[in-house]
Amino acid sequence: MTTQTSDEQHVHAPRPAREGAPGSPQSVKSLLILGASGDLTGRLLFPGLARLLATGRHQGLTIVGAGHEDWTAEQWSTRVHDATDDALEDSTPEGRAELERIRKESRYRQLDVTAPGALASAIAELPAPVAVYFALPPQISQRACEVLDPRDLPEGTRLALEKPFGSSAESAAALNETLRALLPEQQIHRVDHFLGKGTVLNILGLRFANNFLEPIWNRDHIDKVEIFFDEDLALEGRAGYYDRAGALRDMIQSHLLHIMAILAMDAPARLDERDLRDAISSVLRAAHVEGPLEETTRRARYASGTIAGRAIPDYTAEEGVDPSHGTETLAEITVSLASWRWSGVPFILRSGKALGMRRKEAIITFKPVPHLPEGFAGVDEPNRLRIGFGPDVLQLDVDVNGPGDVMTLNRVTLDADLSEADLLPYGEVLEGILNGDPLLSVRGDTAESCWRVVDPVLAAWAAGEVPMDTYLAGSAGPSGWATSASGEDGTGA
Ligand code: BG6
């Protein structure tokens with residue numbers, strides 16, 4: 001990853017090793033995608049895989065899609081072609097040959113993964129080792145794993161499971177138990193594609209390859225940390241999933257808690273799966289949402305409005321939505337970390353749909369200086385560091401002497417564009433799965449910790465203890481929700 005600053009300096013942030021550790025199982029030979037006729041496979045998983053294969057780094061992979069639907073060979077071929085077209089345009093010669101082969105050879109089979117023996121025989125027919133990717137709702141993944149026997153899984157098999165992993169700490173623990181009866185933890189990949197986002201990974205470089213941040217990265221110097229992921233997308237036809245999830249489960253329980261953990265963790269000795277995942281896990285074990293939850297959590301749902309000229313209906317009028325689910329489309333929680341480094345520092349995590357402006361960033365607000373020399377005019381504002389997750393930017397707000405009167409303070413922003421990663425986030429995570437490296441996969445204990453943080457909030461919300469606010473689609477959120485550190489206009493600019 002290269003960071004370009006305005007004065008053309010180049011800083012190289014470390015990239016985690018992509019090879020399996022010495023002695024780790026060999027790379028997989030087959031990828032069996034369950035839920036292959038679903039939206040996720042077409043929109044994210046296959047395009048991420050295609051871009052990875054376009055590098056030419058993985059050769060000879062057998063790819064089989066399986067799903068409940070009775071798809072024809074043509075339907076699957078269309079899906080594979082659509083998902084690989086872009087990658088083909090921009091591939092190495094070896095990658096192009098590989099993608100062309102997959103477009104010809106990849107096939108689809110109808111499969112009821114919950115029927116005893118069905119998944120086992122699909123695995124047995126493929127060249128081993130096989131990676132089985134469950135792009136399925138958690139209850140179906142659980143049932144599919146329950147009907148598997150360890151003897152059904154040839155040596156080196158890897159199981160990859162999409163988020164959400166379970167639906168509570170209890171169900172995640174049950175799913176973990178089922179999985180661990182089948183395979184060792186190292187061969188289980190719980191997928192959170194945010195762990196494959198270039199800028200999320202670049203936090204590691206920023207924090208641990210520079211000496212100036214770490215001494216002030218603590219409660220003595222940091223006032224608060226905010227992580228925002230406001231989307232201008234509305235429901236996008238995903239009511240079947242989203243109306244049972246909501247913003248807290250969909251985004252905060254997995255993605256934003258992981259960003260928080262990477263921002264808050266101690267420096268690992270090595271960027272390997274053991275040290276990195278231990279460091280993430282120890283942050284999440286220390287995380288909790290303090291009460292009263294009416295003060296530390298907020299939720300809201302969008303009403304009809306307009307986004308970029310597009311009319312958006314009231315959430316409850318969207319096709320497939322059941323208003324009795326009481327689903328929130330905007331959620332915010334304040335997480336506390338019980339540790340010496342972070343005690344007393346709020347970590348505010350917020351994400352929502354159908355907002356007027358995309359705002360995907362972490363903002364670290366520093367404490368004011370202990371004493372501003374008398375005689376300065378103008379306003380001394382706290383320093384802020386922003387890490388943007390699309391566009392990928394790094395910005396530091398600092399006070400300097402202003403133009404003209406040198407005793408007047410003026411705010412400037414040091415701004416750097418972070419270069420784009422070669423792979424899409426799904427490709428980055430998939431590469432670990434194919435190579436047998438769980439570095440960018442969520443470890444079982446961490447998946448349970450993430451639920452443990454949000455479970456009390458979900459229970460309080462379900463019991464109606466926190467009111468459901470309303471905002472117009474296309475607005476900045478409910479009136480009364482201060483947009484905080486990103487500037488008084490709430491633009492994030
Ligand atoms: C997914 C959520 O996991 O992440 C979506 O289910 C969300 O609701 C998406 O839109 C955001 O990820 P990205 O990579 O598109 O920014």
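Counting begins at 1 with the first residue of the sequence. Order of appearance sets the numbers: ligands from 1, and atoms from 1 within every ligand.
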Please work out, at 4.0 Å between heavy atoms, whether the side chain, the backbone, both, or neither of Phe389 comes within that distance of ligand 1. neither

Student check: side-chain heavy atoms of Phe46 and Ile63 closer than 4.5 Å: yes

Show the numbers, then the answer: is there a salt bridge (charged side-chain N to carboxylate O under 4.0 Å, His left out) between Arg274 and Asp272? CA-CA 6 Å; Arg274 176 77 195 268; Asp272 64 13; over 6 Å; no

State plainly whether the residues Glu318 and Arg238 are in salt-bridge range, i.e. N to O under 4.0 Å. no

From atom 15 (O) of ligand 1, is the closest protein heavy-atom distance below 4.0 Å? no

With a 4.5 Å cut-off on side-chain heavy atoms, are Arg79 and Tyr108 touching? no

Charged N to carboxylate O under 4.0 angstrom, Asp192 versus Lys163? no

Short side-chain donor-acceptor distance under 3.5 Å, Thr84 and Arg103: yes

State, yes or no, whether a side-chain contact exists between Asp314 and Arg301 at a heavy-atom distance under 4.5 Å. no

Could you check atom 5 (C) of ligand 1 against the protein and tell me its nearest heavy-atom contact, residue, atom and distance included? Arg238 NH1, 3.4 Å

Starting from atom 12 (O) of ligand 1, locate the nearest protein heavy atom and write down its residue, its atom name and how far away it is, to 0.1 Å. His193 NE2, 3.2 Å

At what distance is the nearest protein heavy atom to atom 11 (C) of ligand 1, and which residue and atom is it? Glu231 OE2, 3.7 Å

With a cutoff of 4.0 Å, is Phe194 in contact with ligand 1, counting heavy atoms of the residue only? yes

Could you check atom 2 (C) of ligand 1 against the protein and tell me its nearest heavy-atom contact, residue, atom and distance included? Asp250 OD1, 3.3 Å

Of the listed options His255, Lys197, Met251, closest to atom 3 (O) of ligand 1 (non-hydrogen atoms): His255

Does the ring pair (Phe, Tyr, Trp, His ring centres under 6.0 Å) test come out yes or no for Tyr426 and Tyr133, once each step is laid out? CA-CA 12 Å; Tyr426 268 92; Tyr133 196 108; 7.0 Å; no

Find all atoms of ligand 1 within a distance of less than 4.0 Å from any non-hydrogen atom belonging to Lys163, and give their numbers and elements. 1 (C), 2 (C), 3 (O), 6 (O)

Using a 4.0 Å heavy-atom cut-off, which part of Phe229 comes near ligand 1: side chain, backbone, both, or neither? side chain

Any N or O of Lys353 closer than 3.5 Å to N or O of ligand 1: yes

